[in-house]
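First comes the structure, then the notes that go with it.
The sequence lines fix the lettering, A, B, ..., with proteins before strands; numbering per chain opens at 1.
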Amino acid sequence: GSARPSATPTTAASATAIDVFAAASLTGASTAATTALAASAGVRATYNFGGSNTLVTQILQGAPADVFASADRANMGRLVAAGLVETPVTFARNRLEIAVAPGNPKHIAGPADLARRGVNVVMEAPGVPAGDYARALFGSEHLGVRPVSLETDVKSALAKVTSGEADATVVYATDVAAAGAATSGVPIAPALQPDITYPIAVVKATRHRAAAEAFVRSAVSGAVQRDLEAAGFLPPR
Amino acid sequence: MPAAVPAVLAAAGVVFVGLPLVGLLERVSWSSLGSELSAHDAYVALRLSLETSLGALAVAVAFGLPLAWVLARRTFPGRALVRALVVLPMVLPPVVGGIALLYAFGRRGLAGQLLYDLTGWRLVFNTSGAVLAEAFVSMPFLVVTAEAAFRSMDRRAEEAAATLGAGPAYRFWRVTLPAVAPALGAGAALTWARALGEFGATITFAGNLPGVTQTSPLLIYLDIESGHETTALALSLVLLLVSLGVLVGLRQRWLGNP
Amino acid sequence: MPAAVPAVLAAAGVVFVGLPLVGLLERVSWSSLGSELSAHDAYVALRLSLETSLGALAVAVAFGLPLAWVLARRTFPGRALVRALVVLPMVLPPVVGGIALLYAFGRRGLAGQLLYDLTGWRLVFNTSGAVLAEAFVSMPFLVVTAEAAFRSMDRRAEEAAATLGAGPAYRFWRVTLPAVAPALGAGAALTWARALGEFGATITFAGNLPGVTQTSPLLIYLDIESGHETTALALSLVLLLVSLGVLVGLRQRWLGNP
Amino acid sequence: MSLSADVDLRIGGLRLRAELDVGDDAAVAVVGPNGAGKTTLLRALAGLTPLDAGRVVIGGAVVDDPRAGVRVPTEERRVGVVFQEPRLFDHLTSLQNVAFGLRARGASRTEARAGAAGWLERVGLAHVAGLRPRQLSGGQAQRVALARTLATEPAVLLLDEPLASVDATARADLRHLLRQELRRYPGSRLIVTHDPVEAAALADRLVVLEDGRVTQQGPLSEVTARPRSAWVAEMVGLNLLEGTASGRSVVAGAGAVVSTATSLTGPVFVAFRPNAVTLHRRAPEGSARNVWEGRVSELHPAGDRARVRFEGPVALVAEVTAGAVADLALADGGRVWASVKATDVEVYPA
Amino acid sequence: MSLSADVDLRIGGLRLRAELDVGDDAAVAVVGPNGAGKTTLLRALAGLTPLDAGRVVIGGAVVDDPRAGVRVPTEERRVGVVFQEPRLFDHLTSLQNVAFGLRARGASRTEARAGAAGWLERVGLAHVAGLRPRQLSGGQAQRVALARTLATEPAVLLLDEPLASVDATARADLRHLLRQELRRYPGSRLIVTHDPVEAAALADRLVVLEDGRVTQQGPLSEVTARPRSAWVAEMVGLNLLEGTASGRSVVAGAGAVVSTATSLTGPVFVAFRPNAVTLHRRAPEGSARNVWEGRVSELHPAGDRARVRFEGPVALVAEVTAGAVADLALADGGRVWASVKATDVEVYPA
Ligand SMILES: Nc1ncnc2c1ncn2[C@@H]1O[C@H](COP(=O)(O)OP(=O)(O)OP(=O)(O)O)[C@@H](O)[C@H]1O
Ligand SMILES: Nc1ncnc2c1ncn2[C@@H]1O[C@H](COP(=O)(O)OP(=O)(O)OP(=O)(O)O)[C@@H](O)[C@H]1O
Ligand SMILES: [Mg+2]
Ligand SMILES: [Mg+2]
């Protein structure tokens with residue numbers, strides 16, 4: 001439990017509290033950010049984790065968000081189009097990996113092996129970014145991968161592998177890192193990697209603009225970036 | 001209560017439940033409704049939903065009805081515990097329920113491994129897995145309502161049947177079951193409704209493949225996640241109408257005569 | 001039924017429900033259980049879960065009980081429709097339920113806007129929003145069980161009370177309510193259990209803020225999302241134990257005397 | 001206070017159409033067969049079953065008049081009802097049951113307890129004050145129900161077969177108690193029953209209800225002596241024939257002729273007691289003018305007598321001594337002659 | 001077939017301890033007050049309530065013997081039960097109700113229908129074959145219940161107050177039918193009742209059950225003439241005193257002395273009819289040896305007689321003519337003398 005993102009106030013009572021709406025896939029990164037921010041900006045962040053789309057719906061419905069951190073550009077784009085957020089900045093990138101059972105019993109070495117007979121592959125459904133990236137990758141390589149299930153998110157795809165139901169899936173490197181010993185990662189060549197970026201933006205309706213801006217600034221600062229890197233993220237280009 | 005008080009509170013209750021549904025109706029884009037629903041996936045998912053929810057109802061009845069009967073009519077040590085145990089799937093967050101099902105009936109699970117080794121049959125990623133997940137979540141409804149019905153029914157007719165030479169099986173089918181039929185109908189409707197709306201346990205345990213395990217709630221969720229909210233709402237609306245139709249159709253049997 | 005058949009099927013039913021729970025127990029890492037549960041967040045979430053689920057129960061009782069009473073005792077046009085309508089939240093996938101709640105009670109929603117403009121009070125991202133979401137999903141349970149209880153109770157005692165000079169309110173509190181108390185207890189337990197396990201509607205409508213709207217099921221979900229499955233299982237286990245305790249504690253009142 | 005009602009309603013297969021007046025301080029018994037509508041009538045008076053038309057007036061105040069839109073709810077009518085079953089509140093003790101009505105009408109907890117204790121004492125049940133209804137015998141429960149109703153001091157008292165669920169022995173005691181209490185009670189009383197002994201013990205006027213209609217009413221002695229329907233005759237234990245009189249002879253049902261001591265013309269009823277009937281093995285000679293030949297269709301002993309069902313040109317019941325049964329060697333199906341003296345026959349216009 | 005039972009069980013507050021023998025083709029009536037355990041006894045015989053100890057033997061076969069671990073389930077005992085309420089199956093028509101037992105015992109659908117139709121005809125209900133129980137009158141429903149039970153041709157027939165829920169008029173007809181059917185029925189019959197008329201009509205032997213114990217049994221005439229408990233005396237309409245005899249005088253309850261015509265010694269019962277009691281306004285002179293002074297505590301008319309409850313050194317009931325009531329100006333609470341002739345008093349060992 002120690003790695004769980006926490007709302008525990010770690011600074012003096014004078015710290016400004018802001019609500020950060022963050023994609024659930026960023027839970028791993030948030031720990032680092034919380035600690036770093038408390039130290040640097042004097043800002044106390046409370047996270048509201050959920051699916052990116054749910055968060056967008058909530059903000060569209062007037063939810064009191066100060067900052068929005070999205071798992072993809074499309075969802076951030078909806079808020080930009082609605083004029084509800086300031087210009088987003090990219091604070092992290094990710095890359096794809098193939099997650100296999102510990103020890104890689106099916107000897108999967110790369111995407112091509114996923115098209116082999118007898119290999120049970122699960123993917124994310126269309127519309128789920130990780131799935132769309134993987135499908136694009138398979139398409140460009142002309143791989144006829146026939147998944148047995150199209151999961152609704154990365155975690156449930158990964159769970160199918162860690163529980164032994166499936167032999168492999170394509171997820172983010174950060175997910176493989178977070179799963180620890182329950183899975184092994186098989187890297188995918190950099191040439192095949194899509195551009196996976198995480199944008200963050202201040203919500204225009206914020207009542208704590210200064211603190212929100214400080215939070216966004218610190219997200220691209222050195223201290224936070226080091227922790228993000230430790231969680232498996234790549235730095236923004 | 002003064003005559004008006006319950007009426008006012010009841011009306012408030014109806015508004016509370018009805019307003020969100022009205023909200024949904026408002027957001028559905030009626031012009032594109034037809035085209036969105038005629039999409040092959042929507043049709044397949046709805047059909048699969050009906051199949052799996054009816055299958056789940058069958059499983060729930062097959063095991064839940066005897067269980068309810070035993071809980072109502074037999075005394076045995078630990079009955080209170082069993083009674084509470086059976087309700088737990090209602091408390092469990094569905095996703096955790098799905099994980100628990102994986103542990104039990106997955107390919108590496110307690111019973112699943114055995115099943116796979118013996119028969120090569122796998123529940124996960126199979127329509128039968130979706131049925132299982134829905135049955136797990138919805139069976140408590142059947143057990144609770146059926147037990148109450150068995151417990152509260154007038155048993156004097158059963159005694160009369162015994163004195164006429166009817167053995168336990170004959171009594172059960174010809175006397176007990178007809179007597180509890182209205183209550184069972186209501187319980188079955190609840191069970192079926194819950195199975196139809198099941199999402200978390202199904203996706204976690206059975207996965208999501210169109211035509212195999214992708215029921216309407218899964219498709220709806222995916223539509224929402226991928227920003228196709230209007231499609232999701234249209235599908236939800238259809239799901240609601242189908243179940244409303246069934247529930248209103250059952251109104252005569254519903255909780256006995258109205 | 002031949003004596004053995006229901007017993008065997010019932011046992012199978014118990015195994016079906018019990019095995020996944022056993023599976024959960026097996027996976028919980030007992031050595032680290034203590035430390036995981038003593039984490040501040042887990043404690044806060046559990047406490048919040050209890051508060052909001054009891055709040056939801058209160059809301060469900062406040063509106064659902066009169067509604068059940070009206071459905072059971074009054075005839076009015078459209079009663080069958082209202083009866084079915086009230087059950088729909090059970091069919092609706094919870095996430096869609098959450099969206100529908102946003103449309104109705106969100107700050108820009110049908111009623112929420114009004115509420116906000118008049119009082120400045122916002123339900124979304126408030127503990128009251130979590131209560132509302134849980135009540136929306138769990139109220140059908142109370143209405144259905146309470147209606148059945150009101151409908152099946154022997155009304156002769158109420159008539160006797162009227163001839164003794166007891167008006168409607170006095171009759172309701174002193175005669176009707178005590179008579180249906182056991183069935184209501186059972187219904188309230190189901191309602192509370194459902195509210196305790198609520199996830200989809202809560203996270204969608206009320207958000208997921210620690211100490212404010214982050215109930216145990218939400219924290220469990222988050223733990224799963226961030227790869228801390230064992231923590232999630234430990235928390236689920238606690239949730240189960242708490243509700244098992246309450247349900248077994250209620251066993252005497254459960255569905256009347258056993 | 002007085003009670004006056006003109007009830008018109010339909011419920012299930014029943015059409016109830018009855019007028020009724022119970023004077024101040026009068027006690028009326030409503031008798032009639034199962035399903036006649038007795039309970040329904042009482043429920044209508046209490047406001048538990050709505051009228052379709054007509055009106056109910058209690059102590060001068062109209063409490064029900066559907067045409068005028070008046071319908072005073074039960075709890076405001078001050079009618080006390082003792083139902084066929086005790087209908088006690090299962091979750092309350094005897095004392096709390098009796099106190100219920102007092103509390104409902106606004107008495108304080110202490111007042112209500114004191115009042116209830118007094119009433120329990122009065123019906124001889126002080127010792128079961130703390131017991132729940134399940135722990136009481138049928139007779140005790142019905143006593144508590146009576147005390148509970150009397151305690152509210154209703155303006156009108158309605159009793160629906162208050163002794164029906166009580167066994168023979170307890171019934172005598174309870175009837176005794178009821179008589180006492182009803183005598184002390186200052187308002188109108190209406191007692192539903194289908195037991196003539198009960199009617200006789202508790203009321204001075206009878207209303208006979210059959211199939212939703214009042215078929216006869218009047219003082220007890222009159223109804224008892226001159227029944228106007230088969231059911232009443234059966235209840236009071238008389239043989240009743242319907243026929244057409246011309247002078248001192250009446251042509252009854254299937255053509256049998258009955259001689260009477262009184263001269264009448266037109267449709268009449270003919271009544272005589274079972275013990276006025278003499279049975280004979282052979283055609284009797286003598287003064288009896290009414291002699292019929294027939295068969296014994298049923299015979300059963302009752303104390304030192306036997307009741308014999310006779311079927312011939314007329315059907316009747318004869319009451320003979322056990323000795324006569326032996327002497328005549330009467331048996332089911334046996335051939336006999338029945339005779340009745342003209343002076344033992346009561347005849348009156350139909 | 002014969003029925004023989006030694007029942008020992010506890011249920012609720014009742015301890016039932018009763019031995020019973022019903023010969024082949026014999027009819028026994030079980031009478032007793034509410035709560036005596038009559039229904040429970042019958043249920044135990046049918047296997048619906050388990051014994052704690054004892055045994056039940058039907059036609060020579062042990063069907064219940066808890067000590068030996070024998071407990072034949074109800075459906076295999078071939079006992080036919082007619083319950084106090086009809087207990088018809090609400091979802092079946094009259095015909096289907098009667099056919100139920102035949103089907104359950106393996107008859108084909110056609111056989112069962114034919115058999116059921118025959119039985120409905122026999123109880124005079126062919127015309128309601130297609131109706132559901134809710135559409136039947138109480139009397140009709142009880143007839144269907146009887147037909148349903150008889151149709152299964154049980155070895156032993158148990159009837160629990162089969163007439164209790166039926167009104168007076170319908171009761172006479174139903175009693176008639178019961179008599180006919182019971183006479184044709186070839187096995188042992190046990191009829192529970194608390195109505196002496198019913199007992200007399202349907203059985204030739206009486207078993208009196210009080211508080212879970214058999215307090216008296218024997219031929220109808222004997223029990224009727226020599227009651228051995230207050231309840232039986234009340235039921236058969238006799239006055240009963242308990243006392244100690246020495247020669248021709250008995251010292252009863254509160255010290256009153258009763259003269260008798262028979263000489264006995266030791267504890268005895270003294271019984272006499274209400275109509276053997278004469279009431280007087282003044283202390284009577286004459287041959288009556290037993291004269292007591294007391295008060296009238298209750299008085300009610302019954303036909304041409306009146307029953308008077310008398311309280312003095314002994315409590316008794318007198319039956320006098322309506323004329324006597326007027327002549328004596330009897331009224332509740334009035335002071336009177338009661339006398340009984342020694343020759344009208346039956347005395348027998350307790
Ligand atoms: N609630 C009801 N629903 C349908 N039918 C009813 C209802 N109440 C009464 N009836 C009809 O009215 C008839 C008379 O009923 P009621 O109870 O008044 O008779 P009763 O004279 O009191 O008979 P009993 O002597 O058996 O008590 C019934 O046979 C039934 O047909
Ligand atoms: N199922 C039961 N649970 C508890 N107590 C019972 C039960 N059945 C019978 N008793 C007890 O046995 C007593 C006798 O009941 P039973 O029905 O046998 O009497 P009965 O002689 O048939 O009376 P009635 O004349 O009123 O029909 C009851 O008063 C009750 O105390
Ligand atoms: Mg009645
Ligand atoms: Mg009984």
Side-chain angles (χ1 to χ4, degrees), chain B residues 1-3 6-7 9-10 12-14 16-21 23-24 27 63-64 66-67 69-70 80-82 84-93 95-96 100-101 103-104 109-111 147-148 151 168-169 172 193-194 196-197 199 217 220-221 224 236 240 243-244 247-248 251 255, chain C residues 1-2 6-7 9-10 12-14 16-21 23-24 27 63-64 66-67 69-70 80-82 84-93 95-96 100-101 103-104 109-111 144 147-148 151 168-169 172 190 193-194 196-197 199 217 220-221 236 240 243-244 247-248 251 255:
Chain B
M1 279 185 272
L9 287 173
V14 172
F16 172 39
V17 174
L19 209 56
L21 302 177
L24 274 190
R27 302 297 161 120
F63 298 105
L67 185 52
W69 192 84
V70 168
L81 194 73
V82 169
L85 179 78
V86 169
V87 185
L88 288 188
M90 290 179 50
V91 189
L92 212 55
V95 173
V96 178
L101 281 172
Y103 291 159
L110 298 171
E147 186 192 346
R151 190 176 285 281
F172 181 78
R194 180 68 186 88
L196 194 63
F199 162 70
I220 290 169
Y221 176 79
I224 289 173
S236 302
L240 284 187
S243 40
L244 195 64
L247 296 177
V248 172
R251 74 183 178 284
L255 307 171
Chain C
M1 277 186 271
L9 288 172
V14 172
F16 172 39
V17 174
L19 209 55
L21 302 177
L24 274 190
R27 301 297 161 119
F63 297 105
L67 186 51
W69 192 85
V70 168
L81 195 73
V82 169
L85 179 79
V86 169
V87 185
L88 288 187
M90 290 179 51
V91 190
L92 211 56
V95 173
V96 177
L101 280 172
Y103 291 159
L110 297 171
V144 167
E147 185 190 348
R151 189 177 286 281
F172 181 79
L190 293 184
R194 180 68 185 89
L196 194 63
F199 164 70
I220 289 169
Y221 164 77
S236 302
L240 284 187
S243 40
L244 194 65
L247 296 177
V248 172
R251 74 184 177 284
L255 306 172

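Most heavy-atom pairs under 4.5 Å with chain B, from the set C:Pro93, C:Gly109, C:Ser236, C:Pro217: that is C:Pro93. When C:Leu101, C:Leu88, C:Val70 are compared by the number of non-hydrogen pairs under 4.5 Å with chain B, C:Leu88 comes out ahead.
Of all heavy-atom pairs spanning B:Leu85 and C:Leu244, the tightest one is N-CD1, 4.1 Å. Here the closest heavy-atom approach between residue C:Phe63 and residue B:Gly13 is recorded as CB-CA, 3.8 Å. In terms of heavy-atom proximity, C:Ala100 sits nearest to B:Pro20 at CB-O, 3.3 Å.
Residue B:Tyr221 touches chain C through its side chain alone, counting heavy-atom pairs closer than 4.5 Å. Within the 4.5 angstrom heavy-atom criterion, only side-chain atoms of C:Leu110, from C-beta onward, approach chain B. Proximity to chain C is limited to the side chain of B:Ile220, based on heavy atoms less than 4.5 angstrom apart. Both the backbone and the side chain of B:Val14 come within less than 4.5 Å of a heavy atom in chain C.
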- Take B:Leu24 and C:Leu92 through the side-chain contact (heavy atoms from CB on, under 4.5 Å) test and state the conclusion after the steps. CA-CA 11 Å; B:Leu24 274 190; C:Leu92 211 56; 4.2 Å; yes

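Residues passing the ring-ring contact (aromatic ring centres under 6.0 Å, His included) test with C:Tyr103: none are found, sequence neighbours excluded.
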